[in-house]
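The next block holds one structure in the form of structure tokens; read it before the comments.
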Amino acid sequence: MTATGPRPPVAVTIAGTDPSGGAGIQADLKTFTARGAYGASIITALVAQNTHGVSRIYEIDHDFVIDQFDSVVDDIHVDATKSGMLGTPELVQTTADYAAAGRLGFLVVDPVMVATSGHRLLAENAIDAVRTVLLPQAGLITPNLPEAALLLGDDEPEAGTPAQMREQAARLLKMGPKAVLLKGGHGADDIVTDILAVAEDDDIAWREFSHPRVFSPNTHGTGCTLSAAIAAEVAHRRHALTQAGEDPAGASTGEQLGDAVGAALDYLARAIGSAADWQLALNPDGAHGPVDHIVDITR
Ligand SMILES: Nc1ncnc2c1ncn2[C@@H]1O[C@H](COP(=O)(O)OP(=O)(O)O)[C@@H](O)[C@H]1O
Ligand SMILES: Cc1ncc(COP(=O)(O)O)c(N)n1
């Protein structure tokens, strides 16, 4: 039986945890809520971490992660999904399998590899699986500068200019995702530039987004928050089309996806700005605090 009654836009996160609430599953669910989507979650690993970094990772049995996938997708209509920390090659493959079966809606892949603190969040032997099986299933991938270089090859240098970012984004598109958002947060300029490339027939639709760099130590979880916000934006658009009896694919054309990414980046810029002078940590020395996920909600 397929229900036809009213329902909210639904976004799912497949990610690891952050008990301190700044990144991972916790950041994603806050972001979905702040952006008006109903959030569901599939937990890939339990991570003991906080504003000072990761202390320990407790892996979850792969068959239990699959049980979580089935609990969500066998029950709930999913408009969009984001994947974050996947950890192992098996989980990369499983995520790709559910996406290929059309169970995840629009898939945003945040190719999380290493935490800001330097801890590995993706096994070395899983990078090849990301390249070959996950990227071709993605509606959008959101690598930062080091992740883009790693995905392109072991000896690939990081892009240093917008022209080099475009060149790398075009090569990443050839690896199979429908779109690439190459994030420039790791650059050094006063302006942060993010570049979106969307595959359109034999062409590429380009959008460039610029925001003033906020000089803040509180950037823990920015990538998680951004990919979750994009998934929520796309979920809204696909939900509206689905409820109107139209093809949800219309939500991810170059123009629609560009607008969704632009709205998500503007939200993230507000969230970073609002938390720039926060001191959440008991010991602020070397701490990287979170962004203000509920910046648009009155306290
Ligand atoms: N200091 C900053 N000021 C303004 N925007 C930022 C800043 N740091 C990150 N961002 C925004 O957050 C996005 C994600 O950050 P980035 O550091 O590139 O990725 P990740 O968090 O995955 O390492 C960037 O694309 C950029 O838009
Ligand atoms: C579970 C999980 N997923 C992703 C990140 C990356 O976030 P960041 O690079 O901002 O530390 C993280 N620290 N923890």
Side-chain angles (χ1 to χ4, degrees), residues 13-29 31 41-60 82-87 91 108-122 141-151 158-159 162 165 169 180-196 207-230 261-276 287-293:
T13 167
I14 307 168
T17 61
D18 174 1
S20 73
I25 290 280
Q26 283 84 350
D28 295 343
L29 288 176
T31 302
S41 59
I42 296 165
I43 297 177
T44 57
L46 301 177
V47 184
Q49 62 172 318
N50 58 25
T51 65
H52 289 281
V54 172
S55 51
R56 204 171 140 195
I57 298 177
Y58 192 87
E59 276 190 29
I60 298 179
K82 70 144 280 188
S83 67
M85 174 185 177
L86 295 175
L91 254 172
V108 181
V109 171
D110 181 8
V112 171
M113 295 185 187
V114 181
T116 313
S117 56
H119 254 82
R120 279 211 83 91
L121 300 176
L122 181 76
I141 63 169
T142 62
N144 60 26
L145 294 172
E147 288 160 352
L150 260 165
L151 287 171
E158 278 178 34
M165 288 172 75
V180 176
L181 177 68
L182 186 38
K183 301 176 295 188
H186 288 242
D189 295 349
D190 285 354
I191 301 287
V192 180
T193 303
D194 300 297
I195 287 179
L196 176 68
R207 285 271 278 268
E208 202 166 303
F209 305 90
S210 295
H211 290 91
R213 181 176 297 281
V214 179
F215 291 91
S216 165
N218 299 326
T219 53
H220 174 54
T222 45
C224 304
T225 302
L226 177 61
S227 53
I230 296 170
V261 167
L265 279 168
D266 287 346
Y267 157 72
L268 178 62
R270 290 195 297 281
I272 294 173
S274 174
H288 291 286
V291 303
D292 184 5
H293 296 102

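Values below: every heavy atom of this structure, side chains too, minus hydrogens, waters and symmetry copies. In listed order, ligands and their atoms are each counted from 1. Keep in mind it's a predicted model, so treat the numbers as computed, not measured.
- The shortest side-chain heavy-atom distance between Leu121 and Val114 does not fall under the 4.5 Å cut-off.
- Between the side chains of Thr13 and Lys82, not a single donor N or O lies within less than 3.5 Å of an accepting N or O.
- Heavy atoms of Cys224 found under 4.0 angstrom from ligand 2 belong exclusively to the side chain.
- With a heavy-atom cut-off of 4.0 Å, His288 does not touch ligand 2 at all.
- Assignment of Ala15 to the shell around ligand 2 is not supported, since no heavy atom sits closer than 4.0 Å.
- Near Leu121, with a cut-off below 4.0 Å to any heavy atom, the atoms of ligand 2 are 4 (C), 5 (C), 12 (C), 14 (N).
- Atom CE of Met165 is separated from atom CG of Leu145 by 5.0 Å, given to the nearest 0.5 angstrom.
- Contacts of ligand 1 (protein heavy-atom distance under 4.0 Å) are Asn144, Lys183, Gly184, Gly185, His186, Val192, Asp194, Pro212, Arg213, Val214, Thr222, Gly223, Leu265, Leu268, Ile272.
- Between Leu226 and Asp194 there is no side-chain heavy-atom pair separated by less than 4.5 Å.
- Put simply, OG1 on Thr44 and CD1 on Ile60 are 6.5 Å apart, with the number rounded to the nearest 0.5 Å.
- Under the 4.0 Å criterion applied to side-chain N and carboxylate O atoms, Asp189 and Arg213 are not assigned as salt-bridge partners.
- Side chains of Asn50 and His220: a donor-acceptor N/O pair is absent below 3.5 angstrom, by distance only.
- Of all the atoms in ligand 2, the ones that sit under 4.0 Å from a non-hydrogen atom of Gln49 are 1 (C), 2 (C), 12 (C), 13 (N), 14 (N).
- Numbered from 1 in the order shown, with element, the atoms of ligand 2 that lie under 4.0 Å from a heavy atom of Gly16 read 1 (C).
- Under a 4.0 Å criterion applied to the non-hydrogen atoms of Gly221, ligand 2 contributes the atoms 8 (P), 10 (O).
- Within the 4.5 Å cutoff, the side chain of Asp190 has no heavy atoms near those of the Pro212 side chain.
- A side-chain N or O of Thr225 and one of His293 form a donor-acceptor pair less than 3.5 Å apart.
- Under the side-chain contact (heavy atoms from CB on, under 4.5 Å) criterion, Thr51 pairs with Ala281, Ala287, Pro290, not counting sequence neighbours.
- Neither the backbone nor the side chain of Asp18 comes within contact range of ligand 2; no heavy atom lies under 4.0 Å.
- In terms of protein heavy-atom proximity, atom 8 (P) of ligand 2 is nearest to Thr116 OG1, 3.2 Å.
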